[in-house]
Amino acid sequence: QVQLVESGGGLVQAGGSLRLSCAASGGTFSNYAMGWFRQAPGKEREFVAAISGGGGRTAYADAVKGRFTISRDNAKNTAWLQMNSLKPEDAAVYYCAADRKSSTVILTRGPLYDYWGQGTQVTVSS
């Protein structure tokens, strides 16, 4: 069983930056591809970014390309989401997720992930 704990959320002004962390325990971190998703009030959860187990492959939603960067350090069992140039529409609860089925395949659909964190709130003021 893998446990995921997000941190780093908070209140930031539009144009600012935040760095979210996802700390994993209970498994071999490098065996899991990781993803970040977000859900705003009244909206469905949406894909943000994903990274392969070795970190060599990444994928991003069009809405965040060029502004967000996903990364990981397998020695620290941690994944990050660096968010720059934040916009009010980026406000949401952000979740990290792990895919135990493959370390190389990057998934963009939430239901395909096996483990989820509790989420961290990101608020962007205009």
Side-chain angles (χ1 to χ4, degrees):
Q1 190 75 9
V2 174
Q3 292 80 44
L4 303 174
V5 178
E6 303 96 334
S7 62
L11 172 64
V12 64
Q13 287 188 331
S17 299
L18 281 175
R19 190 191 196 199
L20 306 183
S21 298
C22 175
S25 61
T28 303
F29 189 61
S30 60
N31 287 348
Y32 306 117
M34 298 294 296
W36 284 96
F37 292 78
R38 66 187 182 187
Q39 187 167 20
K43 296 187 177 180
E44 293 186 354
R45 182 178 59 192
E46 64 177 358
F47 169 75
V48 176
I51 188 168
S52 60
R57 297 176 61 227
T58 58
Y60 296 92
D62 288 343
V64 307
K65 279 181 181 177
R67 299 188 298 123
F68 291 12
T69 303
I70 189 171
S71 61
R72 66 189 297 161
D73 185 334
N74 290 338
K76 297 181 178 179
N77 290 351
T78 303
W80 295 276
L81 184 69
Q82 177 67 44
M83 306 187 296
N84 298 329
S85 302
L86 282 161
K87 304 175 181 180
E89 52 263 43
D90 293 318
V93 177
Y94 282 71
Y95 300 90
C96 67
D99 171 24
R100 68 180 178 182
K101 300 175 292 298
S102 174
S103 65
T104 57
V105 176
I106 293 179
L107 303 174
T108 61
R109 292 179 57 203
L112 297 177
Y113 281 80
D114 301 294
Y115 305 106
W116 292 84
Q118 293 300 308
T120 185
Q121 177 73 50
V122 172
T123 304
V124 184
S125 63
S126 57

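Owing to the predicted nature of the structure, the values given are computational and were not obtained by experimental measurement. Throughout, residue positions are numbered sequentially from 1 according to the sequence presented. The figures that follow rest on heavy atoms only: side chains count, while hydrogens, waters and symmetry mates do not.
- Closest of all the heavy-atom pairs between Asn74 and Ser30 is ND2-CB, 3.3 Å.
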Residues Thr104, Ser102; criterion side-chain hydrogen bond (donor to acceptor under 3.5 Å, both in side chains); working and verdict: CA-CA 6 Å; Thr104 57; Ser102 174; 3.2 Å; yes
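- The two residues Tyr60 and Thr69 come nearest to each other via the heavy atoms OH-CA, 3.4 Å.
- By the side chain to side chain donor-acceptor pair (under 3.5 Å) test, Asp73 is found to be paired with no residue, residues two or more places apart in sequence or in another chain being considered.
- Of the inter-residue distances, the one linking Met34 atom CE with Ser52 atom OG reads 12.0 Å to the nearest 0.5 angstrom.
- No donor-acceptor distance shorter than 3.5 angstrom exists from the side chain of Gln118 to the backbone of Val5, with no hydrogens or angles considered.
- Across all non-hydrogen atoms, the minimal contact from Gln39 to Lys43 is NE2-O, 3.1 Å.
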Using the side chain to side chain contact (heavy atoms under 4.5 Å, CB included) rule, take Met83 and Asp90 through it: C-alpha gap first, then chi angles, then the decisive distance, then the call. CA-CA 9 Å; Met83 306 187 296; Asp90 293 318; over 6 Å; no
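- Residues Leu18 and Val124 share a hydrophobic cluster, clusters being chains of Ile/Leu/Val/Met/Phe/Trp/Tyr side chains in contact below 4.5 Å.
- Interatomic distance, OG1 of Thr28 versus CG of Asn77, reported as 8.5 Å (0.5 Å rounding).
- The side-chain tip of Arg72 points at the ring of Phe29 from less than 6.0 angstrom away and within 45° of straight on.
- Using cut-offs of 30° and 60° on the angle between ring planes, the pair Phe47 and Phe37 is perpendicular.
- Atoms SG and CD1, on Cys96 and Ile70 in that order, are 9.5 Å from each other to the nearest 0.5 Å.
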Does the salt bridge (Lys or Arg N to Asp or Glu O under 4.0 Å) test come out yes or no for Asp62 and Lys65, once each step is laid out? CA-CA 5 Å; Asp62 288 343; Lys65 279 181 181 177; 3.2 Å; yes
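- Taking CZ of Phe68 as the reference point, atom CZ of Arg38 lies at 5.5 Å (rounded to 0.5 Å).
- Placement of Ile51 and Val64 within a single hydrophobic cluster is found when ILVMFWY residues are connected by side-chain heavy-atom separations under 4.5 Å, directly or transitively.
- There is no path of hydrophobic side-chain contacts, each under 4.5 Å, that joins Ile106 to Val2.
- Within a 6.0 Å radius of CD in Gln121, more than 12 heavy atoms belonging to other residues, nucleotides or ligands are found.
- A distance of 15.0 Å separates OH of Tyr94 from OG of Ser7, quoted to the nearest 0.5 Å.
- What you find for Thr78 and Ser21 is that their closest heavy atoms are CG2-CB, 4.4 Å.
- Residues Val105 and Tyr113 are members of one and the same hydrophobic cluster, defined by side-chain heavy-atom contacts under 4.5 angstrom among Ile, Leu, Val, Met, Phe, Trp and Tyr.
- The line from CD of Gln13 to CG of Leu86 is 11.5 Å long, rounded to the nearest 0.5 Å.
- No path of Ile, Leu, Val, Met, Phe, Trp and Tyr side chains, each step under 4.5 Å between heavy atoms, connects Trp116 with Val48, placing them in separate hydrophobic clusters.
- Residues meeting the side chain to side chain donor-acceptor pair (under 3.5 Å) test with Lys101, sequence neighbours left out: Asp99, Asp114.
- Scanning all heavy atoms of the two residues, the minimum distance from Ala40 to Ala92 falls at N-CB, 3.8 Å.
- Residues Asn31 and Ser103 have side chains that never bring a donor and an acceptor to within less than 3.5 angstrom of each other.
- Here the shortest heavy-atom pairing between Ala79 and Trp36 reads O-CZ2, 4.0 Å.
- Counting heavy-atom neighbours within 6.0 Å of Arg45 CZ, excluding the residue itself, gives a total above 12.
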